Amino acid sequence: MAYNHNVPENCRLFILVGKGIKEDAFREAFGKYGKIEDVWVVKDRRSNEDKGVVYITFSKASEAALAMQEMNGRVVPGHPKPIKVLIANSKRDGSVRDPHEDEKILRLFLIIPKSMSEDELRREFEQYGDIDYATILRDKNNGESKGFGYVKFFRPYHAALALENCDRSFKPKFAEPKMPRGDRDNDYEMDYQYSRETRPPGPFFRGPDRGPDRGPDRGPDRHERGTKRGFSEYSGRDDYHDDGPPRSRFSHGPVGQHHSLDDLEQRNDEIADLNLVGEGPMEMIQNYANSGCQRLHVTAPLGLTQQYLTRLFSLIPGLEYCDLNEATGIAYARYTTPQCAAYAKDKLDGFEYPLGSRLIVRFADVPNVPDLKTASAMNFENYGIPGSSLERDECDTIRKAALILEKAGINPDRVLASDNSVERVTYCNILLPLPKPLSPEDSSLAQRLFIVCQPAAVPERILRDAFCRFGDLIDVYLLSGRNYGYAKYASKECAMKAISVLHGQSIAGQRLKVLEAEPPKDENRREGRDRHDSHSE
DNA sequence: CGACGGGACGC
DNA sequence: CGACGGGACGC
């Protein structure tokens, strides 16, 4: 536990190769899927010969999962044999293979608000990819939620994306495999499920060439990738290898700064998945009513830059230009067809960008008729709060789009101010210091703050973004269903700084009170050294 | 088919 | 006024 506790789970690949391993070729081939932290070519201790194994550690599980998905069964330049790529066991587990080890990379354990239904849970997580099941554990007697549950994906990449991007209050972890016992033997009979043959043609998918090493017993070639996949319909890890990007969900591709703008543009059609299932994106755009207007009028939050806005609007196919007056926050964007423009308006109006504020998108050349959606888009303080005036579909759309942005290396959460020690964030009335990393969850608590949001609660991600900026933040949360809560800091100085800056300010439209917390209600006194425990053991 | 180096570091 | 969160899977 000394050096290990900050490495994310499932971010290391175990790769089977032949001898004669060239490390650089691996760095080159795998580097495009993410940030490589370590490459280790395993050699025999005495003879110094390759053992045919390479470990590659990525900075995140999603990068490793994507690399596995894309590289398994492929040939690395300079190496004759196709490689096999697996998520490595933790060092602790050694080489033992759990019969249900896929659960370690497909299934998440989650803390779930008691009020949330399984349907809501599923909807919340299916933005990251296809879900096998979403379950909430309930009390056997009264059916009440126990406050936790599981979501299982079909692909490790999607599980990792969910883990890394879902609201932190879910406290997501990769689930430990746990099987009632003895059941699901048929797991081992069905194999295949995903194969290259089911991949549609097109630039985002590798050609129909089948990897040379698919193994002899892949089962029938044609297999539909329907939505009704059963519980135990796949088994070996091979199933999610080698399958290219997922189809009916957008795939985010490489993550963060490794994602080039070109990659982004290549994935234009995937944004069409924002809220539609079934139709192809182009068809869908064609089906938009011809408003007769190709030009959009955009009202952007002050501080948003030309570059970011252009990147956002170019996610919708057909952008001709996007010109922002950074002084006024007014932009005009033009698309090649009225349908594209209508599509862009539909997708981006009300879009939360950056965190805590929204874009307003109108047709530029027709009379401005405010509609319901616009009205709700403007009161951002309601976003994400139960009873919000936003329809669920809209929230989903916004979340999905924000996710795409993040994966594209655009940070939707902040807009830099000219001074580079503080920045303007549109959810807050004052300039704030730049975000700082959180302290590990097991850090020792130095100071607790009591927070009140008046009159209503503020989404947790916004609180986190605000309170982390003073450093050493361990956690911040509101009590469920309440407008008050706590922030925990690992140092008193940082906590006091948070009070001095944030107390009395406005966050997402709510007035904030930030005070030193009183000691917890009925906590066992850890004072002094009196340990006159009468209990044995 | 198939599994683990080096360096790590607060007292 | 506004005070204390949740954590592993059916018998």
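All figures in this text were calculated on a predicted structure; none of them were measured in a lab. Here is the naming used below: chain letters follow the sequence lines, and residue numbers restart at 1 for every chain.
- Comparing atom distances between the Glu176(A) side chain and each of dG2(C), dA8(C), dG5(C) picks out dA8(C) as nearest.
- If you check every strand for non-hydrogen atoms under 4.0 Å, Asp38(A) touches a base.
- Where Arg107(A) and Tyr486(A) each meet DNA chain C at their nearest nucleotide, the meeting point lying more 5' is that of Tyr486(A).
- Using a 4.0 Å heavy-atom cutoff across all strands shown, Arg12(A) reaches at least one base atom of the nucleic acid.
- Nucleic acid contact class of Lys488(A) (heavy atoms, under 4.0 Å, all strands): base.
- With dC4(B), dG2(B), dA8(C) as the choices, the nucleotide that has an atom nearest any side-chain atom of Lys51(A) turns out to be dC4(B).
- By the criterion of a centre-to-centre distance under 5.5 Å and near-parallel planes under 30°, the ring of Phe450(A) forms no stack with the base of dC4(C).
- With hydrogens and angles ignored, a donor-acceptor pair closer than 3.5 Å exists between the side chain of Lys91(A) and the base of dG5(B).
- With dG7(C), dG2(B), dA8(C) as the choices, the nucleotide that has an atom nearest any side-chain atom of Leu16(A) turns out to be dG2(B).
- If you check every strand for non-hydrogen atoms under 4.0 Å, Lys140(A) touches sugar and phosphate atoms only.
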| ring pair (Phe, Tyr, Trp, His ring centres under 6.0 Å) evaluation trace for Phe170(A) with Phe125(A) | CA-CA 11 Å; Phe170(A) 283 111; Phe125(A) 279 84; 5.0 Å; yes
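- Qualifying side chain to side chain donor-acceptor pair (under 3.5 Å) partners for Glu23(A), counting only residues two or more places apart in sequence or in other chains: Arg27(A).
- The side chain of Lys178(A) lies closest to dC9(C) when the candidates are dC4(B), dG2(B), dC9(C).
- Asp475(A) places no side-chain N or O within donor-acceptor distance of the main-chain N or O of Glu441(A), the cut-off being under 3.5 Å.
- Using a 4.0 Å heavy-atom cutoff across all strands shown, Phe14(A) reaches at least one base atom of the nucleic acid.
- Residue Ser169(A) is classed as a base contact, given a heavy-atom separation below 4.0 Å to a base.
- Within 4.0 Å (heavy atoms only), Phe109(A) reaches at least one base atom of the nucleic acid.
- Along DNA chain B, the nucleotide nearest Lys81(A) and the nucleotide nearest Asp93(A) are compared for position; the residue whose nucleotide lies closer to the 5' end is Lys81(A).
- At a threshold of 4.0 angstrom between heavy atoms, the contacts of Ser444(A) with the nucleic acid are absent.
- Across all strands, Asp475(A) comes closer than 4.0 Å to base atoms (heavy-atom distances).
- The residue among Val476(A) and Gln454(A) whose nearest nucleotide of DNA chain C lies closer to the 5′ end is Gln454(A).
- When heavy atoms are screened at a 4.0 angstrom cut-off, Leu110(A) is found touching no nucleic acid atom at all.
- If you check every strand for non-hydrogen atoms under 4.0 Å, Pro519(A) touches a base.
- Atom C1' of dC4(B) sits at a distance of 16 Å from the matching atom of dA8(B), rounded to the whole Å.
- Lys171(A) comes within 4.0 angstrom of a nucleotide base, judged by non-hydrogen atoms across all strands.
- Listed candidates were dA3(C), dC9(C), dA3(B). Nearest to the side chain of Asn89(A) is dA3(B).
- Put simply, the side chain of Lys19(A) gets close to the backbone of Asp50(A): a donor and an acceptor are under 3.5 Å apart.
- If you check every strand for non-hydrogen atoms under 4.0 Å, Arg45(A) touches sugar and phosphate atoms only.
- Between dG6(B) and dG2(B), the distance separating the two C1' atoms is 23 Å to the nearest Å.
- Scored by the salt bridge (charged side-chain N to carboxylate O under 4.0 Å, His left out) test, Asp472(A) finds no partners at all (sequence neighbours excluded).
- Within the 4.0 angstrom heavy-atom criterion, no nucleotide atom of any strand lies near Arg511(A).
- We find that CD of Glu516(A) is positioned 15 Å from C1' of dA3(C), with the value rounded to whole Å.
- The main-chain N or O of Phe450(A) is never found under 3.5 Å from a side-chain atom of Glu516(A) such that the two would form a donor-acceptor pair.
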